[in-house]
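The structure appears below as structure tokens.
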Amino acid sequence: MWQDLEPVGRAGSGGYRRFAWSREDHTLREWFAGECARRGLDLVEDRMGNQWAWWGDPDAAPGQGIAIGSHLDSVPDGGAYDGPLGVVSALAVVDQLRAAGIEPSRPLAVVNFVDEEGARFGVACAGSRVITGAMSPERALSLTDADGTTMADALTAAGRDPSQIGRDDETLRRVGSFVELHVEQGRGLVDLGVPVAVASDIWPHGRWRFDFPGEANHAGTTRLEDRRDAMLGYADLVLGARKEAQQRGCVATVGKVAVTPGGVNAIPSHVTGWLDSRGPDEEAVRAAIADLTTRAADFGASVTEESWTATTHFDQPLSDRLRGVLSSDAELSVPVLGTGAGHDAGILASAGVPSAMLFVRNPTGVSHSPEEFAERDDCHAGVDALTACVTDLVSP
């Protein structure tokens with residue numbers, strides 16, 4: 001399965017460009033459907049196009065279904081493991097259960113969430129946000145990509161009906177628990193010397209758009225004192241974000257910028273910068289954004305909050321159960337780690353679906369980059385851990 005996915009959306013950088021409702025996304029969805037068909041799973045889509053492949057009838061046991069899986073899309077030039085490791089591992093769990101002769105007493109689903117990264121339309125976890133009602137269909141459909149294509153247009157181009165998307169209580173009623181396996185996006189497990197951990201929570205995090213006004217003019221003939229250079233406000237944002245993060249114990253990143261008119265010899269008339277900020281303390285993150293907003297106002301900027309997710313605590317009884325299963329045969333207790341990365345499991349948890357996560361060791365700690373990596377043995381350890389957890393959850 002890993003070899004099948006390797007060439008899909010591969011960029012010259014060695015990373016991946018797998019964006020929602022693109023040609024590459026279609027290929028990935030077809031691959032997922034084929035793997036599910038090979039295993040005799042019943043594939044259905046919810047109102048946002050998330051793919052759910054069921055072993056057993058979820059409607060015969062409402063609220064009893066166990067779901068595992070993740071996503072297949074990527075950030076621009078992202079790594080191979082973020083998302084796909086969880087999907088491939090979930091399919092491998094089905095294989096291991098069948099090889100062991102285990103017939104689940106509860107319906108089991110493998111899920112592929114769409115548009116988790118938000119790389120194309122700017123809002124992360126769009127697939128899970130829409131079906132849980134965390135994002136309205138009207139807002140989702142109006143989101144635009146860098147080319148000005150709306151999500152509504154992208155759905156239409158992909159052969160889908162935009163009017164069908166929306167909150168999906170029928171799908172959510174089927175799920176009693178969701179467990180997402182994911183490559184760790186940090187170095188916690190490297191320092192602890194173990195291959196797998198259970199997640200405790202997701203840090204509060206958000207994305208903001210800063211729009212700085214200016215006036216286009218000639219870069220060579222306009223005196224410095226006569227310039228209204230929109231780039232100066234943006235530069236202050238970049239430096240200010242780093243300073244605020246250091247002072248408040250959080251992180252802040254300006255990772256995307258759009259410059260108008262975008263000429264080397266033209267003074268920018270408008271600059272838009274997108275800021276991502278998160279941290280273990282919600283008040284610290286909010287305070288950092290408030291200070292940056294005040295600084296940006298000195299440059300005439302407007303600030304728009306594009307997304308915000310408060311601290312997400314995973315279901316304690318479920319997490320404790322998983323940790324108990326994984327620690328029963330281990331010499332050392334399985335660690336519990338928080339994370340600064342957002343996930344579909346966090347969106348479902350916020351919507352009241354009991355959710356938990358497993359992390360697989362990342363030897364470099366690098367993620368959202370072609371250098372993202374996990375050792376083969378650690379990936380297998382992740383599959384074994386997820387299989388053990390699912391076996392416990394689906395047992396009578």
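Residue numbers run from 1 in the order of the sequence given.
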State, without any angle test, whether [X] and [Y] hold a side-chain donor-acceptor pair at a distance under 3.5 Å.
X: R323; Y: S200; value: no
X: T272; Y: D211; value: yes
X: T149; Y: D147; value: no
X: H218; Y: N265; value: no
X: D46; Y: T171; value: no
X: D276; Y: H205; value: no

Side-chain donor or acceptor of [X] paired with backbone N/O of [Y] under 3.5 Å:
X: T150; Y: G148; answer: no
X: R106; Y: G65; answer: no
X: Y16; Y: D73; answer: no
X: R18; Y: G9; answer: no
X: S22; Y: D25; answer: yes
X: R174; Y: P107; answer: no
X: N362; Y: V183; answer: no
X: S355; Y: V353; answer: yes
X: S70; Y: E180; answer: no
X: S13; Y: G15; answer: yes

Q.
Is there a side-chain contact (heavy atoms from CB on, under 4.5 Å) between R39 and D95? Walk through the geometry before answering.
A. CA-CA 8 Å; R39 291 165 174 81; D95 296 341; 2.9 Å; yes
Can you find a pair of side-chain heavy atoms, one from [X] and one from [Y], that are under 4.5 Å apart?
X: E24; Y: R10; result: no
X: V254; Y: Y234; result: yes
X: M151; Y: D115; result: yes
X: Q164; Y: R47; result: no
X: W21; Y: R160; result: yes
X: S269; Y: P261; result: yes
X: I289; Y: S277; result: yes
X: I202; Y: T311; result: no

Separation between [atom1] of [X] and [atom2] of [Y], rounded to the nearest 0.5 Å:
X: M1; Y: E35; atom1: CE; atom2: CD; value: 6.0 Å
X: D378; Y: E375; atom1: CG; atom2: CD; value: 6.5 Å
X: L72; Y: T27; atom1: CG; atom2: OG1; value: 11.5 Å
X: S319; Y: H313; atom1: OG; atom2: NE2; value: 11.5 Å
X: L326; Y: L358; atom1: CG; atom2: CG; value: 6.0 Å

In the single-linkage hydrophobic clustering (I, L, V, M, F, W, Y; side-chain heavy atoms under 4.5 Å), do [X] and [Y] co-cluster?
X: V87; Y: V114; value: no
X: L348; Y: L181; value: no
X: L337; Y: V190; value: no
X: V111; Y: L386; value: no
X: V44; Y: V175; value: yes

Q. How far apart are the C-alpha atoms of D82 and Q185, what are their side-chain angles, what is the distance that settles it, and do they pass the side-chain contact (heavy atoms from CB on, under 4.5 Å) test?
A. CA-CA 8 Å; D82 181 356; Q185 295 170 288; 3.1 Å; yes
Work out which heavy atom in [X] is nearest to a heavy atom in [Y]; give both atom names and the distance.
X: P195; Y: L189; value: O-CD1, 3.8 Å
X: P280; Y: W203; value: N-CD2, 3.6 Å
X: F121; Y: D145; value: CD2-N, 3.8 Å
X: P137; Y: I165; value: CB-O, 3.6 Å
X: A152; Y: P162; value: O-CG, 3.4 Å
X: G14; Y: P370; value: C-CB, 3.9 Å

Q) Do the rings of W308 and W208 sit parallel, tilted or perpendicular, given the 30° and 60° boundaries? A) tilted
Q: Please identify each residue that fulfils side chain to side chain contact (heavy atoms under 4.5 Å, CB included) with D320, with sequence neighbours left out.
A: Q316
Q. Residues two or more places apart in sequence or in another chain: which of them pass side chain to side chain contact (heavy atoms under 4.5 Å, CB included) with D191?
A. R187
Q. Could R98 and W55 be counted as a cation-pi pair, given that NZ or CZ must be under 6.0 Å from the ring centre and within 45° of the axis?
A. yes
(Q) Set out, in order, the CA-CA distance, both residues' side-chain angles and the distance that settles side-chain contact (heavy atoms from CB on, under 4.5 Å) for M357 and H182, then state yes or no. (A) CA-CA 7 Å; M357 290 192 72; H182 205 280; 3.7 Å; yes
Q.
Please list all pairs meeting ring-ring contact (aromatic ring centres under 6.0 Å, His included) that have one or both residues in residues 352-392, counting only residues at least two apart or in different chains.
A. Y81-F373
Q: Starting from the C-alpha separation in whole Å, work towards a yes-or-no answer on side-chain contact (heavy atoms from CB on, under 4.5 Å) for L141 and L155.
A: CA-CA 9 Å; L141 293 172; L155 288 166; 3.7 Å; yes
Q. Centroid-to-centroid, F113 to F178, below 6.0 Å?
A. yes
Q. For T309, which of E282, R207, R278, R129 qualifies under side chain to side chain contact (heavy atoms under 4.5 Å, CB included)?
A. R129
(Q) Between the side chains of E283 and R286, is the shortest nitrogen-to-carboxylate-oxygen separation below 4.0 Å, so that they form an ion pair? (A) no
